[in-house]
Structure formats: C-alpha cells, structure tokens
There are 2 protein chains.
Amino acid sequence: MHIEVIANIGEARSDEFLHKTVIVIDVLRATSTIITALMNGSRGVVPVDTVIKAKELAKEDDLLGGERYCKKIPGFDFGNSPLEYTREAVHGKRIILTTTNGTRGIQKAIKADRVLAGAIINGRASALAAIELKRDTVIVCAGTQDVFSLEDGICAGLILDEIADLLGEPHMITNDFGLAMRGCYLEAKSHLFETILACSNGKKMKKSGFLADVELCSKMNLTDCVPVLEHDQMVPYGR
Amino acid sequence: MHIEVIANIGEARSDEFLHKTVIVIDVLRATSTIITALMNGSRGVVPVDTVIKAKELAKEDDLLGGERYCKKIPGFDFGNSPLEYTREAVHGKRIILTTTNGTRGIQKAIKADRVLAGAIINGRASALAAIELKRDTVIVCAGTQDVFSLEDGICAGLILDEIADLLGEPHMITNDFGLAMRGCYLEAKSHLFETILACSNGKKMKKSGFLADVELCSKMNLTDCVPVLEHDQMVPYGR
C-alpha cells in the first residue's frame, strides 16, 4: 500500500487526489472535533470554508460550529473545542462547521475517491479504514496557514505505524516525509501530550485556555469512529 | 537561540536570510563532498549552479567536480562522490563544483550574513560554528528537486540536538518542523545508516553503485571542518 504524506494544505494539489483515499488531519482541532461530534451521535457534519456559507446552509434544526483565530464565531452554537460537542448537545443533529485550516483541507480533497478525517483519537481506526478502501492513500497534514504543525505530523506518523503493524512492514510504502513523521511519532509516543504542548499550536491553545482540548486531542485511539465525506457532509464510515 | 528549519530549497525565500546564519544541508552528497574536500586540504570549493558557469570559471590549475542525475559530468575531474576527493587529489587545489540541489541551495542563501555547509559528518562542528556566530539561524534542507529528503531532515535534527546539548535545552528554540526533525533524528540515531539506506536517495545511491557513499555520509561527527562561504568560495570556518 502506497501512502504519501503532505506537510500542509498549501502543498496539496487537488488533481493528485483523483482515485485515491485522502485522510485529512487537523488534530488541533477541526478533525478531532468532527470525530467527537459523530462519535456522540451527530447525524452529520458539513465542513464549509466561510462563515457566510455556514449561515446560509444552516436550517432551523441545525447547529452552527466553528472558530476564527481560535475563538467562537458570534451567533454560533459552538466554537471548535471537541469538549463542547457532547452527546446531550449534538445527538441526532446536523452540524455546519467552519474552521481556519481543517475544513479548508477537506474542501481541497474533494476530488479524491474517499475523504476521511483522521486525528490522534482515531488513528488506528483511520488506518483500518484506509486499508479497507484498498486505494493509494494521501495523508494531508492541515497545518496552520500553510505552515507545518507538529501535532498533525505526529498523527500522520501514528497512522503509518498502525498501517505497517496491520499489513506488515514491507507492505507500508511511504515517501521520505512520511518516513520522517513515523520516526517522529515513534520518538514521541511515550510522551505525546508533553510533546504537543511544547509545539506552536499546543502553546497557543494553552495560552487561550484550551489545555483540556490538547489533553483530549493527544489521546491515542480513543474511538473507532472515522468520519467519511458523503456528498457534502461527513458521516461515520462503515455505518 | 532561534533556529528555523526549512524542508526544501523551493520553500526557502532569500529575503528571510538577511542578517542570519544559514546552514545548507545536502547530505547525499553536495555538502558531504564540500566538507570532505576542504578537510583534505582543498584551498576552496566554488559552488556554481550550471555546468557552463563551472567551465567558464575554471582556471588551468583548478579541478572541476559535479554531477547531473547522480552521474559525473563529461570532461570533469570528479563526480559528486566524497570518496573521490582524497588528500592526494585535492590538496592545495581550488575546486569548481556544480550539483543538482546542494550548490543551488548555497546560491539561494547568498543574502545571509554567513552561509555554512552542514552534513552528518560535521553535525556537532556545524552546531558549534552557528553558536559562535551569535545570529538567528536558518537550516535549509536542500532536498531533491524541491521535495523533502529524509537524510537532510535527520541531519537538521542532529544539529538541533547538538545545539540543545551545548546551550542547554531552554536556549534552543525551533519551529514545529525543526521539532519534528529532532524527534526523527533521536529515533534514528542508533541506526542511521539503515534508516538513510531505506529512504528515497539512499535507495537511489545503492542502485547507482554508491553504497560506500551512503555509509560515509551517515557517519556522525567525523570532522570539525565546517565550510563557510567567503565571497564566491567555501573555505574552512575559523582558520
């Protein structure tokens, strides 16, 4: 199985996704939030790139979520903290979500055969889904404003490591950037929370009062839920 | 000390190098070759970006070195294997060198306050030189045709780790990409040769008959020689 890892959304070219599975990763926090919402029974999460589009799309029964510069958007039901998307709040509801990087990554991947949302909390499940889909796979680290973010790279490394574990070492073939991310994950896996807290977004989250988000988003393999894009919304894969 | 690590030459913007120290890394093989040539007594290595410019610059007593697609250029004295640049062959001589990625990286860094050539064989010495120069530092992984190469990233991680060791952990401040490369280096340091042999350029080198080059270029801290750009040529730093 061939898996290419891309360092940030700016480097991703849509045409290269044709006929492939794309896993978009935005650990802090878009994909962690989408996974949490679906895990807690949301009917679907619609990722959109602008606030205006989010408001236009939202029907009376929908919930609006998202952030700009880590802050909740005025008039929205939720920000971008996965901790807000509890079962009580989201069960049975459709959510329209707009974030700075993660939802843009999903939009950019739209030409892919399948688009999955990966994070540290569903690493092994993302690996399993990608294997089941039997396609060449691209892992897109969303990054932040077209700059590489460590937590996304570590998550890419986790998924590669799980694929190597599931398929056997010789069947996991990746590019040099993927090899580097796997190495970085292996070095960090025993102290993931501390490592992520020391990187650029980890520090920013802590400063903005979202330490509990970093803690949650650093937990490996919490859930089997893998969001997959069906038409315009993400729903749980395999259900 | 602030050290930014850049994944490939294409991502490097010359204006960002003003007033900084830049360490250019092309482990396989340009910077390993320049270091070896100077270590073996070459008077200086002039990095140029085209074959025509190399031929124009070469005076009667000079030696011509370089490669295109890993192969020696017709009419040149050497290819780009550090093993060719022996004391017997290069002592007292000036060398004009043109390679696909490494010399281009050095050219691109020309606006920096100082340009150093780093590789695994002079990792600790490069770290020491950068500390002595007391400037913000940028490490440019040359990569291959604007794509990240693992061996350059591992070398960046080695230099960061040496700087942290020399200055103390809190005084080594790097970007997320630098943190990732340091993690990747720490994971790989006990088996550097095998790791580099398994990446894209390592495999290419082995296939082209340059296994011994990979072995040499994977050896940590073989030499104290750090090439520094003075006018148009690289000479040993601090001599």
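Naming: A, B, ... by sequence-line order, numbering from 1 per chain.
- Only the backbone of A198(B) comes within contact range of chain A, with at least one heavy atom under 4.5 Å from a heavy atom of that chain.
- In this pair, F177(A) and F177(B) present their aromatic rings parallel. The plane angle is below 30°, not in the 30 to 60° band.
- Side-chain contact between E187(B) and R182(A) is absent, with no heavy atoms from C-beta onward closer than 4.5 Å.
- When the shell of 6.0 Å around CG of D136(A) is examined, it contains more than 12 heavy atoms from other residues, nucleotides or ligands.
- Between the side chain of D176(B) and the main chain of L150(A), a donor-acceptor pair closer than 3.5 Å is present.
- Looking at A188(B), there are no atoms closer than 4.5 Å to chain A (heavy atoms on both sides), in backbone or side chain.
- In this structure, CZ in F148(B) is found 9.0 Å from CG in L179(A), a value given to the nearest 0.5 Å.
- The 12-atom threshold is not exceeded at NZ of K189(A), counting heavy atoms of other residues, nucleotides or ligands nearer than 6.0 Å.
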